[in-house]
Amino acid sequence: MADVTALTAPPAPRAGARRDGLWSRHRAVSALLDGSCLLAELRPTAAALAMPVAGRYQVVALEGRGPAARAAGRATVARRAARLHWHSSQPVELGIVLLDAGSDAAGPAELGPLPAGVRLGVGMPVDGLTALADSRRQAETALGLCPPCGGAVRLADHLPAALLSVDPTLARQVRDQVLGPLGRAGHDRETLLDTFAVWLATDGSAQEAARRLGCHRNTVTNRLRRIEHLTGRRVDRPRDLVDLTLALHALHAGPGPAASDPAWRDGYS
C-alpha cells in the first residue's frame, strides 16, 4: 500500500489560517508541476509533501468519469506506488510518485486493468522535484494518447505517437505522404493497414501475424509486398520501415481529416 499524502486541491471557502495554509500548499505544488517554483520555496514545499528534494519521481495524469471513477483510479495507482501525492488540477488529477532509488520502472506502469471510465497517462522518470514539470507534460501527453473508453498509457512505450502528437499538422503530412498511395488499393486498403499493424505487433513475424489474422503466411507476405509496391517503401529497409510505422501511428491518432475520408483517399487514386 502506498504512503499517500492528502490530495491538494483549492480549499472550500472558509475563514481562518487552515484555509490560508491549504491555499499556500496548493499553490506551491502547482508551481512544482508547472516549473515556476522558486528555489527558496523548494525545500519548504518538499517538507510539506514529506518528499526529498533529490528523489527520483514520476508524474501520472488521471481522468475519470465523475468523482467515484477518479477515486477508484487513485486507489488503483496507490496500490502500486511506494509513495504518492495527488494534486487536483481539474479536469485532470496529477499524481507525484516517489520511485525507489535508481528505478526506471515505476509502479503505475504495471497497474493492470483500471476501473471503468478511467484514463491514466504516465510520464517518464525524472531526477529531483525541480524536474517534475517535465514528467507532468509527458504524463499529459500520454493521457492524450489513452483510448476514450479508458486505459493506461506509459509515454516511454509510445514515443513515436507522442512525437507526432506534438505537431498534428506534421503528423497529418506524414500520414498522407506515406500512406496516401494506399488509396489505390480501394476496399483492400483497410486490410493492408490491419495486416501491417499486426505484423508490427508480432515483431515482423509473418507466421505469427498470419495466425492472429486467421490467414496463410503467404497471404501476409503478399499483402506486405503490395504495401511496398503502392507506397514505394520496403518493410525490410530500416528507414522506410520507420516512415511506415510513424505514418501508421499518425493514422491511428487521427489528426486532421480522417484517413477514411474520400478526399484523402481519392487524392491518390
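Fair warning: this is a prediction, and the values are worked out from it, not measured in the lab. Nothing fancy with the numbering, it's 1 onward along the sequence.
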When you measure from the side chain of [X] to the backbone N and O of [Y], does any donor-acceptor pair fall under 3.5 Å?
{"X": "R136", "Y": "L33", "value": "yes"}
{"X": "R65", "Y": "R70", "value": "no"}
{"X": "R119", "Y": "E63", "value": "no"}
{"X": "D188", "Y": "T191", "value": "no"}
{"X": "W86", "Y": "G95", "value": "no"}
{"X": "E208", "Y": "T202", "value": "no"}
{"X": "T219", "Y": "C215", "value": "no"}
{"X": "R184", "Y": "L230", "value": "yes"}
{"X": "S135", "Y": "M124", "value": "yes"}
{"X": "T221", "Y": "R217", "value": "yes"}

Might you point out which heavy atoms bring [X] and [Y] nearest each other, and give the distance in Å?
{"X": "L129", "Y": "A46", "result": "CD1-CB, 3.5 Å"}
{"X": "A61", "Y": "L94", "result": "CB-CD2, 3.9 Å"}
{"X": "A133", "Y": "G35", "result": "CB-N, 3.5 Å"}
{"X": "R226", "Y": "A185", "result": "NH2-CA, 3.8 Å"}
{"X": "A28", "Y": "T45", "result": "CB-OG1, 3.5 Å"}
{"X": "A171", "Y": "L164", "result": "CB-O, 3.7 Å"}

Close side-chain approach of [X] to [Y], heavy-atom, < 4.5 Å:
{"X": "P160", "Y": "T245", "value": "no"}
{"X": "L193", "Y": "L182", "value": "yes"}
{"X": "L251", "Y": "L179", "value": "yes"}
{"X": "L42", "Y": "L32", "value": "yes"}

Exercise for the section: Examine H158 together with H249 and report whether their ring centres are nearer than 6.0 Å. Expected result: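 Ring centres of H249 and H158 not closer than 6.0 Å.
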
Please answer: with hydrophobic residues joined when any side-chain heavy atoms are less than 4.5 Å apart, are [X] and [Y] in the same cluster?
{"X": "L200", "Y": "L159", "result": "no"}
{"X": "L132", "Y": "L155", "result": "no"}
{"X": "V166", "Y": "V242", "result": "no"}
{"X": "L248", "Y": "L213", "result": "yes"}
{"X": "V122", "Y": "V77", "result": "yes"}

Problem - Carboxylate-amine/guanidinium proximity below 4.0 Å for R137 and E140 - result: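 No, no charged N to carboxylate O under 4.0 Å.
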
Exercise for the section: Look at E228 together with R233 and state whether they make a salt bridge at an N to O cut-off of under 4.0 Å. Expected result: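 Judged by the 4.0 Å cut-off on N to carboxylate O distance, E228 and R233 do not form a salt bridge.
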
Handout entry: Verdict with supporting geometry, T141 and S165, side-chain contact (heavy atoms from CB on, under 4.5 Å)
Key = CA-CA 8 Å; T141 296; S165 72; 3.5 Å; yes

About how many Å separate [atom2] of [Y] and [atom1] of [X], when rounded to the nearest 0.5 Å?
{"X": "Y57", "Y": "L84", "atom1": "OH", "atom2": "CG", "result": "12.0 Å"}
{"X": "R225", "Y": "R234", "atom1": "CZ", "atom2": "CZ", "result": "8.5 Å"}
{"X": "L114", "Y": "L120", "atom1": "CG", "atom2": "CG", "result": "5.5 Å"}
{"X": "R237", "Y": "D243", "atom1": "CZ", "atom2": "CG", "result": "10.5 Å"}
{"X": "D127", "Y": "R56", "atom1": "CG", "atom2": "CZ", "result": "4.5 Å"}
{"X": "R172", "Y": "D167", "atom1": "CZ", "atom2": "CG", "result": "9.0 Å"}

Exercise for the section: Take D236 and L241, measure what side-chain contact (heavy atoms from CB on, under 4.5 Å) needs, and give me the verdict at the end. Expected result: CA-CA 7 Å; D236 61 352; L241 184 58; over 6 Å; no

Exercise for the section: Show your working on side-chain contact (heavy atoms from CB on, under 4.5 Å) between V59 and Q138 and close with a plain yes or no. Expected result: CA-CA 8 Å; V59 175; Q138 294 164 358; over 6 Å; no

Handout entry: Between S205 and D203: side-chain donor-acceptor atoms closer than 3.5 Å
Key =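 Result is no, nothing qualifies.
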
Exercise for the section: Could you please spell out the steps behind the side-chain contact (heavy atoms from CB on, under 4.5 Å) verdict for R83 and M51? Expected result: CA-CA 9 Å; R83 191 174 185 86; M51 290 184 171; 3.9 Å; yes

Exercise for the section: Answer yes or no: are there more than 12 heavy-atom neighbours, outside R43 itself, under 6.0 Å from its atom CZ? Expected result: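 No, CZ of R43 has 12 or fewer neighbouring heavy atoms, counting only those of other groups under 6.0 Å.
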
Handout entry: Sole residue of V92, V118, L143 in side chain to side chain contact (heavy atoms under 4.5 Å, CB included) with L62
Key =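 Answer to the side chain to side chain contact (heavy atoms under 4.5 Å, CB included) test with L62 among V92, V118, L143: V118.
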
